[in-house]
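Scope of the values below: all heavy atoms of this structure, side chains included, with no hydrogens, waters or symmetry mates. Counting begins at 1 with the first residue of the sequence.
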Amino acid sequence: MGKATELTYERYTELGGTLAEGAFEASVGAASAFVAAEIWPHGPADAAEREAVERAVAACVDCDAAWGGDGWAGPASFSIGSFSASGSQGAASADYAADMAAAARRQLVGTSLLLKVVR
């Protein structure tokens with residue numbers, strides 16, 4: 001699988017991340033794994049690609065945290081204040097994956113990391 005750059009909390013905040021360290025730690029593993037799958041079979045080849053991967057992981061950390069953290073596998077419905085969402089577990093999982101993919105791809109556009117061919 002493609003190798004995502006390991007993102008530290010310090011680097012996350014340098015990139016503009018605003019989560020508390022505990023929330024970051026709860027989401028960084030799932031975010032790193034997701035980005036590694038997105039860039040498979042590649043890894044960053046230079047400094048520009050490493051930064052793009054770091055930005056993708058940071059964006060996925062924020063996305064995962066917004067879904068509740070820790071690789072979200074939450075309930076079929078949930079409420080936060082007056083906001084509520086419901087649906088089947090499958091639909092929610094698909095929405096989570098789509099949100100994570102969009103977050104990662106926005107940061108990886110313009111690199112060769114999204115190619116699914118051997119370069």
Side-chain angles (χ1 to χ4, degrees):
M1 188 169 292
K3 182 162 175 21
T5 302
E6 194 64 36
L7 187 67
T8 64
Y9 182 71
E10 180 181 359
R11 181 65 176 139
Y12 167 76
T13 59
E14 288 172 4
L15 293 169
T18 59
L19 293 175
E21 191 167 3
F24 167 83
E25 292 296 333
S27 293
V28 72
S32 294
F34 196 92
V35 172
E38 282 295 303
I39 65 175
W40 179 90
H42 309 296
D46 58 27
E49 287 186 350
R50 276 190 297 281
E51 180 161 341
V53 169
E54 287 176 338
R55 290 184 181 284
V57 173
C60 287
V61 164
D62 290 341
C63 182
D64 182 73
W67 273 88
D70 202 24
W72 191 79
S77 64
F78 65 94
S79 298
I80 301 171
S82 63
F83 173 80
S84 65
S86 62
S88 71
Q89 182 70 22
S93 294
D95 291 344
Y96 169 81
D99 287 351
M100 290 286 279
R105 291 175 185 164
R106 277 191 298 271
Q107 303 303 320
L108 297 169
V109 166
T111 71
S112 62
L113 294 168
L114 293 175
L115 296 174
K116 296 301 180 195
V117 298
V118 177
R119 54 180 172 161

> Would you compute the distance between atom CG of Asp62 and atom CG of Asp99 and round it to the nearest 0.5 angstrom?
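Asp62 atom CG to Asp99 atom CG measures 12.5 Å (nearest 0.5 Å).
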> Look up atom CD1 in Ile39 and atom OG1 in Thr111, then write down how far apart they are to the nearest 0.5 Å.
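Rounded to the nearest 0.5 Å, the CD1-OG1 separation comes to 8.5 Å.
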> Locate the shortest heavy-atom distance separating Ala103 from Ala59; write the atom from each residue and the value.
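Between these two residues, the closest heavy atoms are O-CB, 3.7 Å.
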> Which value, rounded to the nearest 0.5 Å, describes the distance between Phe24 atom CZ and Glu10 atom CD?
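Nearest 0.5 Å value for the CZ-CD distance: 11.0 Å.
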> Restricting to non-hydrogen atoms, name the atom on Leu7 and the atom on Val28 that form the minimum distance, rounded to 0.1 Å.
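Of all heavy-atom pairs spanning Leu7 and Val28, the closest is O-CG2, 3.9 Å.
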> Do side-chain atoms of His42 reach the backbone of Leu115 as a donor and acceptor pair under 3.5 angstrom?
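Answer holds: yes.
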> Between Asp64 (side chain only) and Gly71 (backbone N and O only), is there a donor and an acceptor less than 3.5 Å apart?
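It does hold such a pair.
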> Has Ser32 got a side-chain atom pairing as donor or acceptor with Gly29's backbone, closer than 3.5 angstrom?
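Flag not set: sc Ser32 to bb Gly29 has no pair under 3.5 Å.
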> Just by distance, do the side chain of Tyr12 and the backbone of Leu19 share a donor-acceptor pair under 3.5 Å?
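Yes, because the side chain of Tyr12 sits within donor-acceptor range (under 3.5 Å) of the backbone of Leu19.
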> Pick out which of Glu49, Arg105, Gln107 makes a side chain to side chain contact (heavy atoms under 4.5 Å, CB included) with Leu113.
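Of Glu49, Arg105, Gln107, side chain to side chain contact (heavy atoms under 4.5 Å, CB included) with Leu113 is met by Glu49 alone.
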> How about Trp67 and Asp95: do any of their side-chain heavy atoms sit closer than 4.5 Å?
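Yes; the side chains approach each other to less than 4.5 Å.
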> With a 3.5 Å distance limit and no angle check, can you tell me whether Tyr96 reaches the backbone of Cys63 through a side-chain donor-acceptor pair?
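Not a single qualifying donor-acceptor pair exists.
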> One thing to verify: whether Glu51 and Arg55 come together as a salt bridge, which I'm taking to mean a side-chain N less than 4.0 angstrom from a carboxylate O.
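A salt bridge links Arg55 with Glu51.
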